Amino acid sequence: MQAESSSTAIDAARQTQLIRMVRQDCGSCHGIQLTGGLGPALTRDRMADFPFDSLVAVIYNGRPGTPMPGWKTMMSEADARWIAQQLQAGFPLDTGR
């Protein structure tokens with residue numbers, strides 16, 4: 001999995017959908033601002049050093065034995081790579097679309 005190519009594979013409309021999904025669905029456990037809640041914070045500072053491929057795997061497959069579900073029924077692996085890249089860069093604000 002390569003972080004560099006992930007943003008080019010996801011069009012702007014899908015990026016907007018993914019931003020909303022992360023803010024709403026992931027935010028229900030990780031906090032609406034992704035600063036933590038039931039789940040840990042997903043801030044840039046915390047995610048920047050997390051191994052990229054491991055982050056993609058957690059998003060896509062979840063973490064067995066924890067409340068973290070896998071999202072592979074709701075997104076493609078390319079979507080998971082895009083989200084991981086955004087988390088490591090500092091997740092964008094909700095676009096309101």
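The residues of the chain are indexed from 1 along the displayed sequence. Computed from a prediction, not measured in an experiment: that's the story for all the values here.
- In this structure, D79 CG and Q15 CD are separated by 10.0 Å, a value rounded to the nearest 0.5 Å.
- Between W82 and I19, the shortest heavy-atom distance links the atoms CH2-CG1, 3.7 Å.
- Annotation: side-chain hydrogen bond (donor to acceptor under 3.5 Å, both in side chains) contacts of R46 (sequence neighbours excluded): none.
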Hey, can you pull the donor-acceptor pairs under 3.5 Å for the side chains in residues 55-65, sequence neighbours left out?
none

Would you be so kind as to tabulate the donor-acceptor pairs closer than 3.5 Å made by side chains of residues 34-42, with sequence neighbours excluded?
none

(Q) I83 vs M75, test: side-chain contact (heavy atoms from CB on, under 4.5 Å). Steps then yes/no. (A) CA-CA 10 Å; I83 291 169; M75 68 179 64; 3.6 Å; yes

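- The shortest heavy-atom contact between F52 and Q88 is CD1-OE1, 3.3 Å.
- Atoms CE and CG, from M74 and D25 in turn, are 6.0 Å apart once rounded to the nearest 0.5 Å.
- Following chains of ILVMFWY side-chain contacts shorter than 4.5 Å, one cannot reach I32 starting from F91, and the two form parts of different hydrophobic clusters.
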Q: Step by step, work out the side-chain contact (heavy atoms from CB on, under 4.5 Å) result for M68 and H30.
A: CA-CA 10 Å; M68 177 62 193; H30 294 282; 4.3 Å; yes

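- For the pair R23 (side chain) and P92 (backbone), a donor-acceptor distance under 3.5 Å is present.
- In this structure, Q33 has no side-chain hydrogen bond (donor to acceptor under 3.5 Å, both in side chains) partners at least two apart in sequence or on a different chain.
- With sequence neighbours excluded, the residues forming a side-chain contact (heavy atoms from CB on, under 4.5 Å) with S54 are F50, P51, listed by chain and number.
- Separation of atoms CZ (R14) and CD (Q17) is listed at 5.0 Å; rounding is to 0.5 Å.
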